[in-house]
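Working notes for the structure below.
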Amino acid sequence: SQQGEEDPQALSIQEGENATMNCSYKTSINNLQWYRQNSGRGLVHLILIRSNEREKHSGRLRVTLDTSKKSSSLLITASRAADTASYFCATSLYGNKLVFGAGTILRVKS
Amino acid sequence: DGGITQSPKYLFRKEGQNVTLSCEQNLNHDAMYWYRQDPGQGLRLIYYSQIVNDFQKGDIAEGYSVSREKKESFPLTVTSAQKNPTAFYLCASRPGGGPRGTDTQYFGPGTRLTVL
């Protein structure tokens, strides 16, 4: 069952701008992860935020989590053409399974 | 893509045929997963295995079968009972089969299956 929903479905920005993607989910979670998928390839893990954390940074990535609103956001600062990809949020409650959203397609124009 | 390999990269199947997709990992991970991805959509879980000789159905297991005879290998068979098998199939693995293991999954490069 699909739990996460990303917003927007697609995003097109200029190189150097910031990109923000949002994810909403429906049930309790232990943690939320963001993955990137380049066209026709497998997914790559970007960052994990636990349910007791509100914000986490990794390089140009900033993730926030609001468990009261059941939502998360992924901010990519100073975007590059190489950031062009699909981005998925995935939630986990018991650790053994992930539930993925439908993804946001990001296009960074140079 | 890490230490997970999937083969073949592209696979064509005639209607009524069974096909097997290979997934091998050398990461010494306990848990392995199979997902299906349709265009413009997220991943849906087909089957997963947390330990050798054991596996569980995911959300869309009908028409698929798996085996887990070795820790390194988790092949997926798409049977003729799967009515709409054309999709991108992704295999993943995770350290630690139980809830205490890390939740992060590591993905293979995928197999694109097309039914002719």
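Lettering follows sequence order; numbering is per chain, from 1.
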Do Y35(A) and L43(B) have side-chain heavy atoms sitting under 4.5 Å apart? no
Determine whether a donor-acceptor pair (N or O, by modelled atom type, separation under 3.5 Å) exists between the side chain of Y106(B) and the backbone of H45(A). no
Could you tell me whether Q14(A) atom CD has more than 12 heavy atoms of other residues or ligands within 6.0 Å of it? yes
May I ask whether I60(B) and F55(B) are part of the same hydrophobic cluster, defined by side-chain heavy atoms of I, L, V, M, F, W, Y residues being less than 4.5 angstrom apart, directly or through others? yes
Name, in order of residue number, those residues of residues 63-86 of chain A that have a heavy atom at a distance of less than 4.5 Å from a heavy atom in chain B; otherwise write 'none'. none
Tell me whether the count of non-hydrogen atoms from other residues, nucleotides or ligands lying under 6.0 Å of CD in Q9(A) goes above 12. no
Measure the shortest side-chain to side-chain distance between Q37(B) and Q37(A) over non-hydrogen atoms and say whether it is less than 4.5 angstrom. yes
Atom NZ of K70(B): over 12 foreign heavy atoms under 6.0 Å: no
Which atoms of Q6(B) approach chain A - backbone, side chain, both or neither, heavy atom under 4.5 Å: neither
Are more than 12 heavy atoms, taken from residues, nucleotides or ligands other than E55(A), located less than 6.0 Å from that residue's CD atom? yes
Those residues of residues 74-93 of chain B, ordered by number, that approach chain A below 4.5 Å (heavy atom to heavy atom): F88(B), L90(B)
Please report the interatomic distance CZ(R94(B)) to NZ(K97(A)), rounded to the nearest 0.5 Å. 11.5 Å
Rounded to the nearest 0.5 Å, the CG atom of D30(B) sits from the CG atom of N96(A) at a distance of 13.0 Å
Counting only heavy atoms not in R107(A) (residues, nucleotides, ligands), do more than 12 fall under 6.0 Å from its CZ? no
Going hydrophobic residue to hydrophobic residue with side-chain gaps under 4.5 angstrom, can you get from W34(A) over to L61(A)? yes
According to a hydrophobic-cluster definition based on side-chain heavy atoms being under 4.5 Å apart (Ile, Leu, Val, Met, Phe, Trp, Tyr only), do I29(A) and I49(A) belong together? yes
Is there a path of hydrophobic side-chain contacts, each under 4.5 Å between heavy atoms of I/L/V/M/F/W/Y residues, joining W34(B) to I4(B)? no
If we define contacts as heavy-atom pairs under 4.5 Å, which of L93(A), N30(A), L98(A) has the most with chain B? L98(A)
Does atom CD of E62(B) have more than 12 heavy-atom neighbours from other groups under 6.0 Å away? no
hydrophobic_cluster_shared for L11(B) and Y47(B), side chain cutoff 4.5 Å: yes
